[in-house]
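In what follows, every heavy atom counts, from backbone to side chain, and hydrogens, waters and symmetry copies are set aside. Numbering of residues begins at 1 and proceeds along the displayed sequence.
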Amino acid sequence: MDRATFACSTAFFRDYNSSSQGAFCLPGGHVDFIEKVESFTYSDFFRDYLIPNHPCIFSAKFTEDWGSRRNWVTWDGKPNFDHLLQKFGEAVVPVANCDVKEYNSNPKEQLPFKEYIKYWKEYIKNGYRSSRGCLYLKDWHLSRTPFHADVFRSYSWSANICGRKKWLLYPAGQEEYLKDRHGNLPFDVTAPNLQDRSVYPRYNQSQPPVEIVQEAGEIVFIPSGWHHQVYNLEDTISINHNWVNGCNVAIMWCFLQDELAAVQREINEWKDPIDDWHLQCQLIMKSCTGIDYKEFYNFLKVIAENRISILENGLDDEASAKNTPKAAISTLGMLHAVFDLKRTVKVLTSLSANEDFKKLDLTSLSPPPEALLHHLKAAIDTALL
């Protein structure tokens with residue numbers, strides 16, 4: 001991160017309201033297409049897409065030297081089943097059935113990868129039909145993913161190694177207009193029953209989705225909190241990644257607060273009979289989201305300690321050469337570490353003051369929240385001297 005981007009990000013978040021991030025409308029649903037690798041920097045990406053929380057598409061030039069694009073794909077752009085079997089044949093993988101719906105998702109089973117490849121070949125041979133249904137391997141989608149936002153409202157990117165996808169994207173906040181009378185999101189945003197105002201009373205207030213057709217080799221960046229639905233238009237393999245940084249960690253915190261509030265509303269009638277009601281709420285939230293408030297604190301601690309280590313010690317040549325998270329963040333520079341720390345302080349201060357957090361047994365947290373906050377602020381002050 002250069003100094004101009006640091007100044008821009010600092011100014012943007014000075015009066016930041018996490019609930020409004022991502023609510024910006026894209027003119028005409030336009031999504032920027034980044035063509036040239038050599039003229040696009042991380043600071044450009046940070047300033048133009050991470051901060052305002054806007055999607056973009058990277059051209060195939062950004063992935064043309066990836067080993068997966070050479071080895072996982074045949075000369076005619078199809079999945080290289082022989083190579084994939086040789087590389088991953090013995091792996092056990094999660095596979096979902098797109099033709100079956102269970103509680104707004106698809107049921108999953110564990111299969112040997114080689115069995116899935118056998119199914120995939122037969123599925124293609126039979127004209128994309130199978131008595132087993134339409135199966136997809138997690139993160140290597142054979143058909144589509146139902147309407148959702150990414151885990152913890154993280155950022156994500158998805159790179160097509162081969163094949164084509166169609167994306168339907170809704171800016172953060174638009175999902176509120178897509179909920180039914182009970183507050184549930186639709187499984188399929190193209191389903192005709194969304195037009196039924198007795199079931200989806202606010203659907204007519206929603207914006208049309210932003211549509212993207214992603215070609216082989218291209219990378220789609222999905223902003224934090226943007227709900228989306230994805231269709232594979234042909235046999236497709238993609239690589240996906242999710243991450244959180246200083247720009248969207250407050251969105252993650254807001255998401256967790258909303259999730260806990262939803263749990264508390266659902267079991268409010270049991271508040272008096274259950275002595276440890278607040279702990280049960282945390283447990284239910286964790287079962288739904290994968291994390292509770294104390295684990296979120298530890299998440300913030302790990303991020304903070306990593307950034308502090310970079311500021312205080314830097315990296316020696318041997319450590320810099322290793323493919324580690326610490327080495328990765330160090331390449332982004334001191335100012336990025338400072339920015340992430342400042343945003344972490346903001347969120348950690350809010351977490352520490354949260355009444356539901358204070359009701360938990362915090363004696364197991366090391367260091368205590370107040371000590372970690374003091375360390376973070378000291379590290380920031382020292383770095384900015």
Side-chain angles (χ1 to χ4, degrees), residues 13 15-24 50 52-53 103-105 145-156 169-187 189 200-203 205-207 222-229 242-271 274 277-300 303 343-360 362 369:
F13 286 103
D15 300 317
Y16 169 75
N17 178 0
S18 59
S19 64
S20 66
Q21 189 181 24
F24 310 105
L50 291 185
N53 209 38
Y103 302 104
N104 235 24
S105 63
T145 55
F147 191 57
H148 70 285
D150 285 306
V151 59
F152 301 149
R153 299 302 183 263
S154 58
Y155 294 129
S156 69
L169 306 175
Y170 285 87
Q174 281 295 304
E175 73 278 1
E176 294 300 321
Y177 300 113
L178 302 175
K179 292 180 177 180
D180 65 17
R181 297 183 66 87
H182 304 289
N184 300 313
L185 287 169
F187 183 76
V189 291
Y200 294 93
R202 304 178 68 191
Y203 175 72
Q205 298 175 254
S206 67
Q207 298 177 7
I222 306 301
S224 186
W226 281 51
H227 283 68
H228 48 281
Q229 187 164 304
N242 297 80
W243 81 101
V244 173
N245 66 16
C247 291
N248 65 342
V249 68
I251 297 178
M252 179 180 177
W253 170 225
C254 286
F255 163 71
L256 293 178
Q257 292 177 84
D258 289 344
E259 288 295 296
L260 181 61
V263 170
Q264 291 172 337
R265 287 194 298 272
E266 286 295 318
I267 64 170
N268 185 61
E269 63 182 296
W270 301 102
K271 186 172 184 178
I274 301 177
W277 182 81
H278 65 287
L279 293 178
Q280 295 302 316
C281 290
Q282 292 283 328
L283 182 63
I284 295 172
M285 180 183 70
K286 181 178 178 178
S287 71
C288 296
T289 66
I291 193 172
D292 59 24
Y293 276 15
K294 289 174 69 173
E295 289 177 341
F296 180 59
Y297 171 83
N298 286 322
F299 172 85
L300 295 176
I303 299 300
R343 297 301 305 153
T344 302
V345 165
K346 188 82 171 180
V347 172
L348 184 56
T349 300
S350 176
L351 174 65
S352 299
N354 182 274
E355 292 300 323
D356 291 301
F357 181 68
K358 291 192 289 187
K359 291 176 183 177
L360 304 175
L362 305 180

**Q** How many angstroms lie between CD in Q207 and CG in L178, if you round to the nearest 0.5 Å?
**A** 10.5 Å

**Q** Please examine the side chains of R343 and F13, heavy atoms only from C-beta on, and report whether any two atoms are closer than 4.5 Å.
**A** yes

**Q** Would you say Q257 and D356 are linked by a side-chain donor-acceptor pair, where the criterion is simply a distance under 3.5 Å?
**A** no

**Q** When you look at Y170 and W226, which way does the ring pair (Phe, Tyr, Trp, His ring centres under 6.0 Å) test go after all the steps?
**A** CA-CA 6 Å; Y170 285 87; W226 281 51; 9.2 Å; no

**Q** Going by salt bridge (charged side-chain N to carboxylate O under 4.0 Å, His left out), name the pairs with one or both residues in residues 278-289, residues two or more places apart or in two chains.
**A** K286-E295

**Q** Do any N or O atoms from the side chain of S352 and from the backbone of T349 form a donor-acceptor pair under 3.5 angstrom?
**A** no

**Q** Is D180 reaching over with its side chain to a backbone N or O of G183, donor-acceptor style, under 3.5 angstrom?
**A** yes

**Q** What heavy-atom pair brings T289 and I291 nearest, and what distance separates the two atoms?
**A** OG1-O, 3.0 Å

**Q** Taking the side chain as every heavy atom from C-beta outward, state whether H228 and I222 have any pair of such atoms under 4.5 Å apart.
**A** yes

**Q** Does L50 offer a backbone N or O that forms a donor-acceptor pair with the side chain of Y155 under 3.5 Å?
**A** yes

**Q** My understanding is that only one of L348, N248, N354 makes a side-chain contact (heavy atoms from CB on, under 4.5 Å) with W253; could you say which?
**A** N354

**Q** Tell me every residue that passes side-chain contact (heavy atoms from CB on, under 4.5 Å) with Q282, counting only those two or more places apart in sequence or in another chain.
**A** L260, M285, D292, Y293, L360

